[in-house]
Amino acid sequence: MTVEEDPYDDARSAYAELCGRGRAVLGSLGGEPDRYYADRVPNCPECEKPMTFVAHLEEGNETATAANYGGGLGYVLTCAPCTWAVFLTQS
């Protein structure tokens with residue numbers, strides 16, 4: 001069995017230990033979105049091709065400082081050739 005290294009997870013774990021908290025980054029970079037539906041991916045306003053998933057962000061546990069996505073997730077999508085990006089929320 002081969003285990004691939006994941007530098008993002010390693011960095012997130014190291015930062016969490018440094019901060020003395022659990023998970024320091026609430027979300028993920030790259031890969032596949034957790035709860036985003038393919039039929040809702042927006043098209044780029046310039047080239048009209050489907051935008052690419054970049055990251056998802058979760059709400060934090062501290063109500064005073066946490067992002068508020070209405071109980072859901074935030075999604076970052078981009079069209080790199082056209083330099084457009086969008087931020088969507090899903091509850």
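We count residues from 1, following the sequence as given.
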Task: Non-hydrogen atoms of Trp84 and Met51 that approach each other most closely - done: O-CE, 3.6 Å

Task: Closest contact, heavy atoms only, Phe53 versus Gly31 - done: CD2-O, 3.3 Å

Open item on the list: Would you say that Cys79 contacts Cys47 through its side chain, given a criterion of any heavy-atom pair below 4.5 Å between the two side chains?
Closed with: yes

- [ ] Using side chain to side chain contact (heavy atoms under 4.5 Å, CB included) as the criterion, list what pairs up with Pro50, not counting sequence neighbours.
- [x] Val41, Asn43

TODO: For Thr78, check side chain to side chain contact (heavy atoms under 4.5 Å, CB included) against everything at least two apart and list the hits.
DONE: Val54, Ala85

- [ ] List the steps, then state whether side-chain contact (heavy atoms from CB on, under 4.5 Å) holds for Leu77 with Leu88.
- [x] CA-CA 8 Å; Leu77 297 103; Leu88 307 174; 3.8 Å; yes

